[in-house]
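By convention in this document, chain letters (A, B, ...) are assigned in the order of the sequence lines, proteins followed by strands, and residues within each chain are numbered from 1. Every heavy atom of this structure was used, including side-chain atoms; hydrogens, water molecules and symmetry mates were not.
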There are 2 protein chains.
Amino acid sequence: MSITHLQSFVAVAEEGHVGRAARRLHLTQPPLSRHILALEDELGTPLFERVPRGMRLLPTGEALLHHARLILAEVEVAARTVREAARGSGAPKPPPA
Amino acid sequence: MSITHLQSFVAVAEEGHVGRAARRLHLTQPPLSRHILALEDELGTPLFERVPRGMRLLPTGEALLHHARLILAEVEVAARTVREAARGSGAPKPPPA
DNA sequence: GGTAGTTACGAATTTCGTAACAATC
DNA sequence: GATTGTTACGAAATTCGTAACTACC
């Protein structure tokens, strides 16, 4: 389970559509579809129901969505916190000019 | 920032030593060293101080360590929760035999 | 000269996008 | 036949490990 796969999963869950999610992620459909298939394979269970109009979350997918959002948010916070700590402390990489 | 990089970071932080962390992760030193360098590059700041005996966390690294552990734990919970939801619901991939 | 991290570089793996396919209305 | 997801497949990018290098006692 990679962060990329989780970003893909959340986008498809929110759009209900691989094509739209792909455009939102600046990606084409096939790789995005593979991300979802890889995730389902790794977890050993389908996450979406394939319906004529697109992708509908299954209960397993709903369960994942909550955690996926938490993880992605926490990743954002982590990056921001480190950058702030770098400013706070002495000598950061980008020279203060 | 990938989950792999975070796992590498936590291992090095806990061991204080790239070599030992690499053995723990079943990896050689160079890729592990590159993971840390990539993370530092992405965040724009060093995370460790290179000391004669190994790697010592900087304040930036301490800040990241907390979040990294949270993220990795949350990933574990996510996987477990989905697998449990799959058992709870109807038709999982692995046939119940 | 031993211990530690890093850089060079070629091989293996992964991941992408285009094209072709399958399924549903 | 239009719309949607998936599979095939070759090209590009990533990542690994061995070997060589650097720095510090």
Side-chain angles (χ1 to χ4, degrees), chain A residues 1-62 64-65 68 72 75 79 91 93, chain B residues 1-62 64-65 68 72 75 79 91 93:
Chain A
M1 170 157 29
S2 71
I3 288 171
T4 300
H5 286 173
L6 292 178
Q7 287 168 331
S8 295
F9 167 75
V10 171
V12 172
E14 288 177 357
E15 299 287 346
H17 190 117
V18 175
R20 275 194 297 274
R23 280 191 291 277
R24 172 169 142 189
L25 295 171
H26 304 292
L27 213 64
T28 55
Q29 286 90 338
L32 183 45
S33 176
R34 285 190 294 256
H35 292 179
I36 303 301
L37 292 169
L39 207 45
E40 291 179 325
D41 182 65
E42 180 183 350
L43 293 170
T45 184
L47 299 168
F48 293 96
E49 186 190 352
R50 276 70 173 172
V51 296
R53 282 289 161 197
M55 311 278 276
R56 253 190 79 209
L57 272 183
L58 291 171
T60 48
E62 304 259 18
L64 179 58
L65 184 55
L72 296 177
V75 166
K93 243 188 191 169
Chain B
M1 171 156 28
S2 71
I3 288 170
T4 300
H5 285 173
L6 291 178
Q7 287 169 330
S8 296
F9 167 74
V10 171
V12 172
E14 288 177 356
E15 298 287 346
H17 190 116
V18 175
R20 274 194 297 274
R23 280 193 292 277
R24 172 168 143 189
L25 295 171
H26 305 292
L27 214 65
T28 56
Q29 286 90 340
L32 183 45
S33 176
R34 284 190 294 256
H35 292 179
I36 303 301
L37 291 169
L39 207 44
E40 292 179 324
D41 183 65
E42 181 182 350
L43 293 170
T45 184
L47 299 168
F48 294 96
E49 185 190 351
R50 276 69 173 172
V51 296
R53 281 291 161 196
M55 310 279 276
R56 254 190 79 207
L57 272 182
L58 291 170
T60 48
E62 303 259 19
L64 179 58
L65 185 54
L72 295 177
V75 167
K93 244 186 191 170

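For A:L27, the listed nucleotide lying nearest its side chain is C:dC16; candidates were C:dT6, C:dC16, D:dT6. Distances from the side chain of B:L37 to the nucleotides C:dA4, C:dT6, D:dG5 place C:dT6 closest. Closest to the side chain of B:P52, from the set C:dT6, D:dT4, D:dC24, is D:dC24. Side-chain atoms of B:P31 lie closest to D:dC16 of the nucleotides D:dC24, C:dA8, D:dC16. Nearest to the side-chain atoms of B:R53 among the listed nucleotides C:dT3, C:dG5, C:dG17 stands C:dT3.
Distance A:D41 CG to C:dT15 P: 13 Å, rounded to the nearest Å. Here the C1' atom of nucleotide C:dG17 and the CZ atom of A:R23 are 16 Å apart, to the nearest Å. Rounding to whole angstrom units, CG of residue B:L32 and P of D:dT18 are separated by 15 Å. In this structure, B:M55 places its CE atom 13 Å from P of C:dA4, rounding to the nearest Å. Between the P atom of C:dA4 and the CD atom of B:E49 lies a distance of 17 Å, rounded to the nearest Å. Residue A:H26 contributes atom NE2, which lies 12 Å from atom P of C:dG17 at whole-angstrom precision. Atom P of nucleotide D:dG5 and atom CZ of A:R20 are separated by 8 Å, given to the nearest angstrom. Remark: P of C:dG5 and CG of B:L39 are 16 Å apart, rounded to the nearest angstrom.
Within the 4.0 angstrom heavy-atom criterion, base atoms lie near A:P30.
Contact between the side-chain N/O atoms of A:H35 and the OP1/OP2 oxygens of C:dC16 is found at a separation under 4.0 Å. OP1 or OP2 of D:dG5 lies within a sub-4.0 Å distance of a side-chain N or O belonging to A:H17. Residue A:S33 places none of its side-chain N or O atoms closer than 4.0 Å to OP1 or OP2 of D:dG5. Regarding contacts with the backbone of D:dT6, a side-chain N or O of A:R50 is found under 4.0 angstrom from either OP1 or OP2.
Sparse packing is recorded around CZ of A:R53, with 12 or fewer heavy atoms of other residues, nucleotides or ligands lying under 6.0 Å away.
The CG atom of B:L47 sits 10.5 Å away from atom CG of B:L65, with the distance rounded to the nearest 0.5 Å. Note that the CD atom of A:Q7 and the CZ atom of A:R24 stand 10.0 Å from one another [nearest 0.5 Å].
Summarising the geometry of B:H17 relative to B:G19, their closest heavy-atom pair is CD2-N, 3.1 Å, with the distance given to 0.1 Å.
Between A:R23 and A:E15 there is no salt bridge, since no side-chain nitrogen of the basic residue lies less than 4.0 Å from a carboxylate oxygen of the acidic one.
Interface remark: the B:R34 side chain does form a donor-acceptor pair with the D:dG17 base, using a distance-only criterion of under 3.5 Å.
Nearest-nucleotide assignment on DNA chain D puts the 5′-proximal partner with A:I36, out of A:I36 and B:Q29.
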